[in-house]
Amino acid sequence: MKDFTKKVIETISEIPPGRVASYGQIASIAGNPRAARQVGRILHSMSAKHSLPWHRVVNAKGEVVHFKADRQRELLIKEGVEIDVHGRIKMEQFRWMGPADEDWIRG
DNA sequence: GAACTGACTTGAT
DNA sequence: AATCAAGCCAGTT
C-alpha cells in the first residue's frame, strides 16, 4: 500500500459527522491534488477494510453518484447534512475544509 | 509488466 | 443547465 493510500484513509477518517468532502479535496489533503479518481478507487477497495465513512465523500458537485447513493443520502441527512431537491448537498455550507477546519460554518 | 479501468475534476461548447 | 473532451494516477487483470 502506498503512503498516499494511507493518507487518504487517515484523511477520510478525520471527516467529522455532518460534514462532507469532495474527492479532489481529499486528494489534495493527502498530497496528490490530481489524484481525485484514486480517492474513489481507494474507497471502493479500502472502505470495507478500514470502516471508513465513505458516505461523507462526494463529488465536486455535491452529488452522491454510486450504486449506494440513495442509501447514503439518508445517512447524510441523519447527520444533519441538507440536500437539495436535485439531490445535491449544499457544499457551500457543509464542505469540510480539512483537518484544520475547527471553525465549522462561519456565517 | 503493459494495457485497461474508473466511487473524479476542470474547461470549453 | 447539460454534453463533450482531455488529464490524472492507483488498482486490477
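Numbered from 1 within each chain, the chains take letters A, B, ... in sequence-line order.
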### Non-neighbouring partners of K90(A) that pass salt bridge (Lys or Arg N to Asp or Glu O under 4.0 Å), sequence neighbours left out
E82(A)
### Query
Among all residues two or more places apart in sequence or in another chain, which pass the salt bridge (Lys or Arg N to Asp or Glu O under 4.0 Å) test with E63(A)?
K61(A)
### Summary
Contacts of Q38(A) and N59(A) projected onto DNA chain B by closest heavy atom; the upstream (5') one is Q38(A)
### Nucleotide dA7(B), atom C1' - distance to NZ of K61(A) in whole Å
13 Å
Between the protein and nucleotides 1-4 of chain B, are there any N/O to N/O pairs under 3.5 Å, and if so, what are the atom names and distances?
none

### Carboxylate-amine/guanidinium contact R19(A) E79(A), below 4.0 Å
no
### Task
Answer yes or no: is there an ion pair linking R73(A) with D70(A), defined by an N-O contact shorter than 4.0 Å?
yes
### Query
Heavy atoms, side chains only, cut-off 4.5 Å: are N59(A) and S22(A) in contact?
no
Are there any protein N/O atoms within less than 3.5 Å of an N/O atom in nucleotides 10-13 of chain B, and if so, which ones and at what distance?
none

Acceptor/donor pairs from residues 27-41 of chain A side chains to any protein atom, 3.5 angstrom cut, sequence neighbours excluded:
none

Nucleotide N/O to protein N/O under 3.5 Å, stretch nucleotides 11-13 of chain C:
| residue | atom | partner | partner atom | Å |
| --- | --- | --- | --- | --- |
| dG11(C) | OP1 | T5(A) | OG1 | 2.8 |
| dT12(C) | OP1 | S45(A) | OG | 3.3 |

### Query
Of the non-hydrogen atoms in I42(A) and F4(A), which two are nearest, and what is the gap between them?
CD1-CE2, 3.7 Å
### Message
Minimum heavy-atom separation for W96(A) and A21(A), please, with both atom names.
### Response
CE3-CB, 3.8 Å
#### Entry: Other residues, nucleotides, ligands: >12 heavy atoms within 6.0 Å of D84(A) CG
yes
